[in-house]
Amino acid sequence: MESKKITKLDDGTLNVPDCPIIPYIEGDGTGPDIWAATQMVIDGAVKAAYGDKRKIDWLELLVGEKGYEKTGEWLSGKALKTIEDHVVAIKGPLTTPVGKGIRSLNVTIRQKLDLYACIRPVKYIDPVPSPMKSPEKIDMIVFRENTEDVYAGIEYSSGSAECEKVVAFLRKEMGANIPEGAGIGIKPISAQNTKRLVASAITHAIDNNLPSVTLMHKGNIMKFTEGAFRIWGYEVAKEKFADKTITEDELWKKYNGNAPEGKVIIKDRIADMLFQQVLLRPDEYSVIATPNLNGDYISDALAAQVGGLGMAPGANIGDTCAVFEATHGTAPKYAGLDKVNPTSLILSGAMMLEYMGWKEASTAIRDALQVTVKAGIVTYDLARQIDGAKEVKCSEFGKAVVSNMKKAG
C-alpha cells in the first residue's frame with residue numbers, strides 16, 4: 001500500500017488516500033506516554049474498521065523539548081511547513097520554557113498556520129465522577145476563535161519604552177486615563193476573523209443536525225470588541241445561512257418558541273451568564289462560538305463538568321490544515337512513568353479520524369473507550385474516584401480500549 005499525503009480540494013473537502021502520511025508531535029513531559037497509547041488505539045481502530053484496506057503512515061516531527069535537544073529549535077519552520085503540506089496532524093502537550101522569552105508553542109502553531117477555530121467537544125463518559133447532578137446532559141462543542149483577542153500577544157511590559165510610547169499616545173491623543181506603571185495589552189477582534197469562526201460553528205451545527213449556536217461574549221462591557229463579535233456573528237448567520245437559521249428573537253416572535261424543522265437557532269449570552277447556564281441548564285446549549293479568552297475559560301470549565309481536561313479532546317482547524325491535540329498540560333512529574341490518562345489525546349485522535357472521513361474508525365474508538373471506562377478499567381486519576389475500579393497503566397489502558405473494539409466484518 002503506497003503512502004501518500006492528504007490533499008485539500010478546491011471545494012474544501014479532503015482527498016484522503018488509503019495510506020495517508022500523518023505528521024505527529026510526541027509532546028513533552030508525559031507526551032511520549034500518552035502518544036504511545038494513542039497511536040496504538042488509532043492504529044487498532046483503523047484495523048478494526050477496515051482490516052488491511054487502510055492504515056496510517058506516521059511521520060514524527062521534532063518539536064518542543066525533543067526538537068530543541070536534537071535541532072536547537074523549539075519549533076522549526078520546516079515542521080510548520082510539513083504540517084501544512086500534509087493537511088492533518090496530531091500532537092501531544094508541549095511545554096513553554098519559563099523565563100526564556102519563548103511564547104507558547106501551542107499558540108504559535110495556531111497563529112503561524114492560521115488555525116483559527118479551536119474546537120473542543122465536551123461529552124460525558126459514564127461513570128466518570130462529576131460534580132454535576134446530571135452530567136449526561138452535557139453534550140456541547142466549543143468553537144473558540146484562535147488568532148486574535150488578547151491571545152494575539154500584543155503586549156508591552158510596564159516601564160518599557162514601547163509601553164510608555166503607547167501610554168503617552170492613549171493619554172494625549174485619546175484622552176485615556178491609565179495608571180502610572182501599567183502594562184498594556186491590545187485586544188483586537190475583527191469582522192473577518194469573527195465571521196469565519198462563527199460560520200464554521202454554524203456549518204457544524206447544520207451538518208450534525210444540532211439545534212442551536214450560542215454566541216458567548218462580554219459585549220455589555222467591551223462593546224466594540226466582544227459586542228462587535230456578537231453583531232458580526234448574527235450578520236454572518238444572515239449573510240450565509242439565511243435559509244438554515246433563525247434568531248432566538250424570531251423563534252419566539254414568529255414561531256411561539258417552537259423551532260421549525262431544519263432550522264438552527266442563533267442566540268447569544270453574556271459570558272458570566274453562560275457560565276451559570278451551562279451548570280444549571282446544560283441541555284439548552286449545543287454549539288458555543290466565542291472569542292479566544294472566553295473560549296479558553298468555558299472549554300476548561302465544561303471539561304471539569306465531565307471529569308477534567310484528561311477527558312476532553314481538542315482540534316485547531318483552519319482553511320488549509322488542522323492539528324488535533326491533547327487539551328491538558330505536560331505534567332512533567334509523571335513523565336516516563338506510564339501512569340497518566342491518555343483519553344484526551346485518544347479522543348482527539350477520534351476527532352481526527354472523523355475529520356478525515358474515517359467515521360467507522362472514529363466510532364470504534366469512542367464506543368470502545370466507553371466500554372472500557374464503564375468496565376472500571378481506568379488510569380490512576382479515575383481509579384481513585386470510581387468504586388471497584390481496576391487501576392491500570394497508561395499503556396494498559398490503551399491495550400484495553402483496543403481489545404474492546406468490534407472487529408471489522
Side-chain angles (χ1 to χ4, degrees), residues 11-12 116-124 132 134 136-145 148-149 189-295 297-299 301-302 305 317 319:
D11 63 0
Y116 58 84
C118 180
I119 302 174
R120 299 276 183 90
V122 185
K123 186 174 183 179
Y124 180 65
M132 304 295 292
S134 303
E136 70 280 355
K137 293 181 179 179
I138 300 165
D139 187 0
M140 301 177 215
I141 183 164
V142 177
F143 279 71
R144 167 192 176 195
E145 206 290 319
E148 48 186 17
D149 196 359
I189 290 184
S190 67
Q192 173 187 340
N193 290 346
T194 294
K195 287 185 175 183
R196 66 181 183 175
L197 182 277
V198 175
S200 66
I202 295 173
T203 298
H204 179 84
I206 292 169
D207 290 347
N208 293 276
N209 197 31
L210 298 173
S212 68
V213 174
T214 303
L215 306 172
M216 178 187 184
H217 62 92
K218 191 63 179 172
N220 58 326
I221 303 299
M222 292 172 276
K223 299 181 186 298
F224 307 122
T225 50
E226 300 206 14
F229 179 92
R230 172 189 175 275
I231 292 168
W232 292 325
Y234 279 115
E235 283 181 357
V236 77
K238 187 174 181 180
E239 292 164 359
K240 290 190 172 183
F241 308 97
D243 60 331
K244 295 287 188 180
T245 64
I246 59 170
T247 66
E248 190 173 36
D249 190 49
E250 291 172 329
L251 173 68
W252 292 101
K253 286 184 176 178
K254 293 184 179 180
Y255 303 101
N256 197 32
N258 299 309
E261 186 72 24
K263 297 285 189 180
V264 175
I265 302 162
I266 309 300
K267 53 189 178 182
D268 72 276
R269 297 290 185 270
I270 293 173
D272 44 348
M273 178 189 181
L274 189 59
F275 274 103
Q276 294 186 66
Q277 294 284 294
V278 297
L279 288 167
L280 300 174
R281 302 177 183 176
D283 47 349
E284 293 183 10
Y285 300 92
S286 53
V287 180
I288 297 171
T290 176
N292 207 326
L293 185 59
N294 290 340
Y297 294 154
I298 195 74
S299 58
L302 285 171
Q305 294 177 221
I317 299 177
D319 291 333

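All heavy atoms count here, side chains included; hydrogens, waters and symmetry mates do not. On a predicted model such as this, the values are computed, not experimentally measured, just so you know.
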One should read off an interatomic distance between Asp272 CG and Asn294 CG, to the nearest 0.5 angstrom, of 9.5 Å

Q) Donor-acceptor pair, Tyr234 side chain versus Leu215 backbone, under 3.5 Å? A) no

Using a cut-off of 6.0 Å, state whether more than 12 heavy atoms not belonging to Lys195 lie near its atom NZ. yes

Of His217, Met216, Lys218, the one forming a side chain to side chain contact (heavy atoms under 4.5 Å, CB included) with Thr290 is Met216

Shortest non-hydrogen pair, His204 vs Leu210, comes out as CD2-CD1, 3.8 Å

Are more than 12 heavy atoms, taken from residues, nucleotides or ligands other than Lys240, located less than 6.0 Å from that residue's NZ atom? no

Original post:
Any donor and acceptor pair, going by atom type alone, linking the side chain of Ser286 with main-chain N or O of Ser212 inside 3.5 Å?
Top reply: yes

Rounded to the nearest 0.5 angstrom, the CD1-NZ distance for Ile202 and Lys244 is 13.0 Å

So CG of Asn220 and CD1 of Ile270: to nearest 0.5 Å the spacing works out to 4.0 Å

Determine whether Glu248 and Arg269 satisfy the following criterion, side-chain contact (heavy atoms from CB on, under 4.5 Å), listing intermediate values before the conclusion.
CA-CA 11 Å; Glu248 190 173 36; Arg269 297 290 185 270; 2.9 Å; yes

For a side-chain contact (heavy atoms from CB on, under 4.5 Å) check, start with the C-alpha distance between Leu279 and Gln305, then their side-chain angles and the critical distance, and finish with the verdict. CA-CA 8 Å; Leu279 288 167; Gln305 294 177 221; 3.6 Å; yes

Note: Ile298 and Val142 closest approach over all heavy atoms is CG2-CG1, 4.0 Å

Test Asn292 against Glu148 for side-chain contact (heavy atoms from CB on, under 4.5 Å), laying out the working first.
CA-CA 7 Å; Asn292 207 326; Glu148 48 186 17; over 6 Å; no

To the nearest 0.5 Å, atom CD1 of Ile141 lies from atom NZ of Lys123 at 11.5 Å

Residue set satisfying salt bridge (charged side-chain N to carboxylate O under 4.0 Å, His left out) with Glu136, at least two apart, ordered chain then number -> none

All heavy atoms of Ser200 vs all of Phe143, minimum pair found to be OG-CD2, 3.5 Å

Trp232 and Ser190 have their tightest heavy-atom pair at CZ3-C, 3.3 Å

One should read off an interatomic distance between Asp139 CG and Leu302 CG, to the nearest 0.5 angstrom, of 11.0 Å

Requested in this report: Please determine if Lys267 forms a cation-pi arrangement with Tyr285, meaning its NZ or CZ atom is less than 6.0 Å from the six-membered ring centre and no more than 45° off the ring axis.
Outcome: yes

Correct closest heavy-atom pair for Lys263 and Ile246 would be CD-CG2, 4.2 Å

Rounded to the nearest 0.5 angstrom, the CZ-CD distance for Arg196 and Gln192 is 6.0 Å

Of all heavy-atom pairs linking Asp149 and Pro291, the shortest is OD2-CB, 3.7 Å

Paired with Val264, the side chain to side chain contact (heavy atoms under 4.5 Å, CB included) test is passed by just one of Val287, Ile206, Thr203, namely Ile206

